[in-house]
Amino acid sequence: MNSRIVWFIAGSAAGVYATAKARRAAYRLSTPGLVDQAAALGLGLRAFGGELRDGMEVRERAIAHQLAGGPADDIDLLRLEAEHTHETRPTEGQT
């Protein structure tokens with residue numbers, strides 16, 4: 001008698017689990033589910049791009065520190081950027 005109760009509970013739990021999995025799979029293949037997945041992909045790509053930009057900025061600061069030969073804080077970076085833009089930017093009489 002006890003084994004029948006155990007098997008009944010195990011079968012009920014397996015049925016609930018299979019039903020939940022089937023509902024999730026059906027939603028993922030429906031139009032709203034596909035829209036949600038596309039939105040999640042776009043969000044992931046934007047987050048990846050942000051992380052990539054942050055990493056590039058950290059690397060640029062490290063390179064500026066190596067080229068300056070001293071501590072690279074924000075003031076030094078602004079000075080280096082100002083010097084660089086004055087050298088590469090043409091003045092009004094030049095084209």
Side-chain angles (χ1 to χ4, degrees):
M1 185 77 162
N2 282 340
S3 65
R4 287 184 182 184
I5 294 173
V6 170
W7 284 111
F8 176 76
I9 292 173
S12 297
V16 168
Y17 177 76
T19 302
K21 289 294 261 184
R23 281 185 186 165
R24 285 188 206 137
Y27 176 75
R28 285 193 349 226
L29 295 175
S30 68
T31 303
L34 292 174
V35 169
D36 287 346
Q37 289 179 25
L41 177 64
L43 181 65
L45 289 175
R46 282 192 299 275
F48 176 72
E51 291 291 326
L52 192 64
R53 282 189 294 278
D54 290 345
M56 287 172 31
E57 183 178 331
V58 168
R59 182 64 182 141
E60 287 174 358
R61 287 181 187 267
I63 291 172
H65 173 63
Q66 290 175 350
L67 291 176
D73 54 6
D74 290 336
I75 296 171
D76 287 341
L77 288 176
L78 291 174
R79 180 183 51 80
L80 288 172
E81 183 179 351
E83 289 174 1
H84 177 71
T85 55
H86 288 294
E87 291 174 1
T88 57
R89 210 180 269 167
T91 57
E92 288 185 22
Q94 299 174 346
T95 53

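Here the structure is a predicted model, which is why all the values come from computation and not from measurement. Residue numbers start at 1 and run along the sequence shown.
- Think of L41 as one node in a network of Ile, Leu, Val, Met, Phe, Trp and Tyr side chains linked at under 4.5 Å; its network also takes in L45.
- Atoms CD and CG, from E60 and L67 in turn, are 11.5 Å apart once rounded to the nearest 0.5 Å.
- Legend: side-chain hydrogen bond (donor to acceptor under 3.5 Å, both in side chains) pairs involving residues 30-46, not counting sequence neighbours, sorted by first then second residue: Y27-D36.
- Between L34 and L29 the shortest heavy-atom distance is CD1-O, 4.1 Å.
- E57 and R61 are joined by a salt bridge, as a carboxylate oxygen and a charged side-chain nitrogen come within less than 4.0 angstrom of each other.
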